[in-house]
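Please read the structure below before turning to the comments.
Atoms considered below: every heavy atom in the structure, side chains included; atoms not considered: hydrogens, waters and symmetry mates.
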Amino acid sequence: MQKFPFILKGKCIDYLQTGEGVVTLETGEKAFVPSIFLHEEGEIEIIYKRNGVLRGKIKKLYSLSPERIIPRCKVPTACGGCSYQALSYQAQKKIKENFVRKALKDVLEEDTKVYPCMGMEHPYFYRNKGAFPLAYDAIHHKVVAGFYRQGTHQVVPIEECSIQDKRISDALKACLSLINEFHLSCYEEEKDKGFLKHLVFRSSYHQKDFMVVFVGKSQRFPKEKEFIHSLRKRAPFITTIILNVLKEKTNVILGKKEKILFGPGYIEDTLCGCLFRISSRSFYQVNPFMTEKLYQYALKEACLEKDDTFLDAYCGIGTIGLIAASSCKEVIGIEVVEEAIKDAKANALRNKIRNYSAICGDCPKVLNEYAKEEKRIDVLLMDPPRKGSTEEFLNSALLLKPRKIIYISCNPITLGRDVKILQKEYHLSKVQPFDLFPMTPHVETVCLLSNRKPDTKVRIDADLED
């Protein structure tokens, strides 16, 4: 058996949904290799084999893809977060469209329309959130911040990120310089000692608010007043500063306990005309520009009527449901995370929306209850996490028999699995991919499913009453 590492010649023949290239080696075996693009050939250093799959990295390329470009980022391969930085944007969108087509090949019907991936005109500096682990650079004797090298907890230092709001880079530089000037210690995972673990930033797109979160092991911030005063002076665009306390040794970035050091402790942003309050732990889409386009498309396809009841499953802080409220009679949001439901209710009050109710509960169980009560739901929107929905939820949705189901997915594979169950009663008519995460392999997809046997009795009666 050949010892690792070793070098073989190979050619890229396809892409994985993780962003890696599938390379056919001269031995006939296949290897997964990051940062290699379709039809490129070269020498591949095979590093290890896991679960029967060879994994490697580019040693030398003989032929380059015509879609290969010079990346803006200085550390794209070391960081590994943006595996498509060196690929033209048109090629990125085509790859994502193909991801969706492949994942849905078993559920596409004869007349299902799959549209090209909708992307950005300027696909850089779009992220409104950044989270950076900290580490001590023993060579230069200073604290640095960056991203974990792929598959490790080794921090790759960065000064700016080309996919994040430019203010995040400015705030990162200001925080790091002051951390070193004030000699604040950073957390050492192996020794389980030190103060600062992460820096987290959140920015608003329309309101221009900006949040800085220091994640520390202790609730005592050394030289707090002097530090905060200096930071506000150095980065005056910051509107709130928070100390988040995370005592546990864990992979989770944020703890549950917080202390507001400056400002209101939250930021606000506007999405499709609605105002939303965003806390440090609120879920909020990281690309507000494309989120507006996605929501507008989803609600256009929902074709809501004034007498409709709209159910927003996995509603988070209520974004799309609150945006939909002006187009229908009633909106119901369901979410299992209690804090998100509190935010959703607060956002409804903030926007003076009275036909919105938010329920904290397990989506499948709530839908089951609604089905037993024969509650009328006209349009169901579901936006589950990456693992997709559950069979229980989907079967409950089939019992409710909404006129339309709008499925927003961040994972084409689980989307295909779930749509297959819904097709017992629903026709998949449209599939629209959206690129909310340029330079990365991630893709969002909106699917429109229409009831094959809609219950029109209620509608006809309603029309007669009018």
Side-chain angles (χ1 to χ4, degrees), residues 18 50-51 75 78-82 127-138 142-158 161 164 168 171-172 175-176 179-180 184-203 211-222 224 227 240-261 265-267 278-286 314 316-317 335-343 360 362 384-388 410-411 414 437 440 442:
T18 55
R50 184 178 296 164
N51 299 325
V75 290
C79 165
C82 298
R127 281 187 64 96
N128 59 17
K129 182 180 179 182
F132 303 87
L134 299 172
Y136 183 71
D137 182 345
K142 65 178 183 178
V143 175
V144 296
F147 298 114
Y148 288 129
R149 190 180 298 276
Q150 203 165 21
T152 75
H153 269 200
Q154 179 188 349
V155 173
V156 178
I158 69 159
C161 176
Q164 296 191 357
I168 292 178
L172 177 63
C175 288
L176 278 177
I179 287 169
N180 285 298
L184 299 186
S185 65
C186 69
Y187 179 70
E188 296 178 65
E189 188 175 29
E190 291 181 0
K191 297 178 182 178
D192 192 26
K193 72 173 188 178
F195 174 48
L196 287 175
K197 293 186 173 184
H198 285 83
L199 292 173
V200 179
F201 306 100
R202 302 194 78 153
S203 64
M211 175 189 292
V212 175
V213 183
F214 294 94
V215 183
K217 187 173 170 60
S218 164
Q219 62 183 358
R220 181 183 169 275
F221 196 114
E224 178 188 314
F227 187 99
T240 194
I241 304 170
I242 296 166
L243 171 62
N244 179 279
V245 182
L246 182 62
K247 294 182 179 180
E248 298 81 11
K249 191 175 181 180
T250 173
N251 287 331
V252 174
I253 292 176
L254 293 172
K256 293 183 179 180
K257 189 172 183 179
E258 290 190 339
K259 177 184 176 183
I260 298 172
L261 305 180
Y266 60 85
I267 61 173
I278 305 156
S279 64
S280 65
R281 288 176 289 171
S282 296
F283 173 77
Y284 191 70
Q285 289 282 10
V286 299
Y314 311 95
I317 63 172
E335 173 63 61
V336 74
V337 180
E338 189 175 351
E339 287 179 355
I341 286 296
K342 287 180 182 177
D343 284 341
C360 185
D362 183 55
R386 283 193 64 78
K387 64 182 180 180
C410 59
N411 185 345
T414 54
F437 311 98
T440 81
H442 302 296

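The SG atom of Cys82 lies 7.5 Å from the CZ atom of Phe147; values are rounded to the nearest 0.5 Å. Interatomic distance, OG1 of Thr414 versus NZ of Lys387, reported as 11.0 Å (0.5 Å rounding). Here Ile341 contributes atom CD1 and Glu335 contributes atom CD; the two are 6.0 Å apart, rounded to the nearest 0.5 Å. Rounded to the nearest 0.5 Å, atoms CD1 (Ile253) and OG (Ser280) are 11.5 Å apart. Within the model, atoms OG1 of Thr240 and CE of Met211 stand 6.0 Å from one another, a figure rounded to the nearest 0.5 Å. Rounding to the nearest 0.5 angstrom, the gap separating the CD1 atom in Ile317 from the NZ atom in Lys342 is 15.0 Å.
Phe214 meets the ring pair (Phe, Tyr, Trp, His ring centres under 6.0 Å) test with Phe221, Phe227; sequence neighbours excluded. Residues passing the side-chain contact (heavy atoms from CB on, under 4.5 Å) test with Pro133, sequence neighbours excluded: Tyr148, Val155, His198. In this structure Ser185 satisfies the side-chain contact (heavy atoms from CB on, under 4.5 Å) test together with Phe195, sequence neighbours excluded. Take Arg50 and apply the side-chain contact (heavy atoms from CB on, under 4.5 Å) test, not counting sequence neighbours, and it matches Tyr48. Among residues two or more places apart in sequence or in another chain, the side chain to side chain donor-acceptor pair (under 3.5 Å) test is passed with Thr18 by Glu20. Partners of Asn128 according to the side chain to side chain donor-acceptor pair (under 3.5 Å) rule, which considers only residues two or more places apart in sequence or in another chain, do not exist here. Applying the salt bridge (Lys or Arg N to Asp or Glu O under 4.0 Å) test to Lys217 and every residue at least two apart in sequence or in another chain returns Asp192. Listed by chain and number, the residues in a salt bridge (Lys or Arg N to Asp or Glu O under 4.0 Å) with Arg127 amount to none (sequence neighbours excluded). Scored by the side-chain contact (heavy atoms from CB on, under 4.5 Å) test, Val143 finds Leu134, Tyr136, Leu176, Ile179, Asn180, Cys186 as partners (sequence neighbours excluded). By the salt bridge (Lys or Arg N to Asp or Glu O under 4.0 Å) test, Glu339 pairs with Arg281, sequence neighbours left out. A search for side chain to side chain donor-acceptor pair (under 3.5 Å) contacts involving Ser282 returns Ser279, Asp343, not counting sequence neighbours.
Side-chain contact between Ile267 and Ser203 is absent, with no heavy atoms from C-beta onward closer than 4.5 Å. Residues Gln164 and Phe201 are not in side-chain contact: their nearest non-hydrogen atoms beyond the backbone lie 4.5 Å or more apart. Val213 has its side chain out of reach of Leu199: every pair of non-hydrogen atoms, C-beta onward, lies at least 4.5 Å apart. Side-chain contact check for Phe132 versus Ile168: some heavy-atom pair is nearer than 4.5 Å. Side-chain contact between Tyr266 and Ile278 is absent, with no heavy-atom pair separated by less than 4.5 Å.
Heavy atoms only, all atoms of each residue included: Val212 and Cys175 are closest at CG1-SG, 4.0 Å. Here the closest non-hydrogen pair linking Cys410 and Pro384 is SG-O, 4.2 Å. For the pair Leu172 and Ile158, the tightest heavy-atom approach, listed with the atom from each and the gap, is CD2-O, 4.1 Å. Between Leu243 and Gln219, the shortest heavy-atom distance links the atoms CD2-O, 3.4 Å. Annotation for Leu246 and Gly255: closest pair CD1-CA, 3.7 Å, computed over non-hydrogen atoms.
Among residue pairs with one or both ends in residues 244-260, those qualifying as salt bridge (Lys or Arg N to Asp or Glu O under 4.0 Å) are Glu224-Lys259; sequence neighbours excluded.
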Original post:
Can Phe437 and Val286 be said to form a side chain to side chain contact (heavy atoms under 4.5 Å, CB included), step by step?
Top reply: CA-CA 8 Å; Phe437 311 98; Val286 299; 3.5 Å; yes
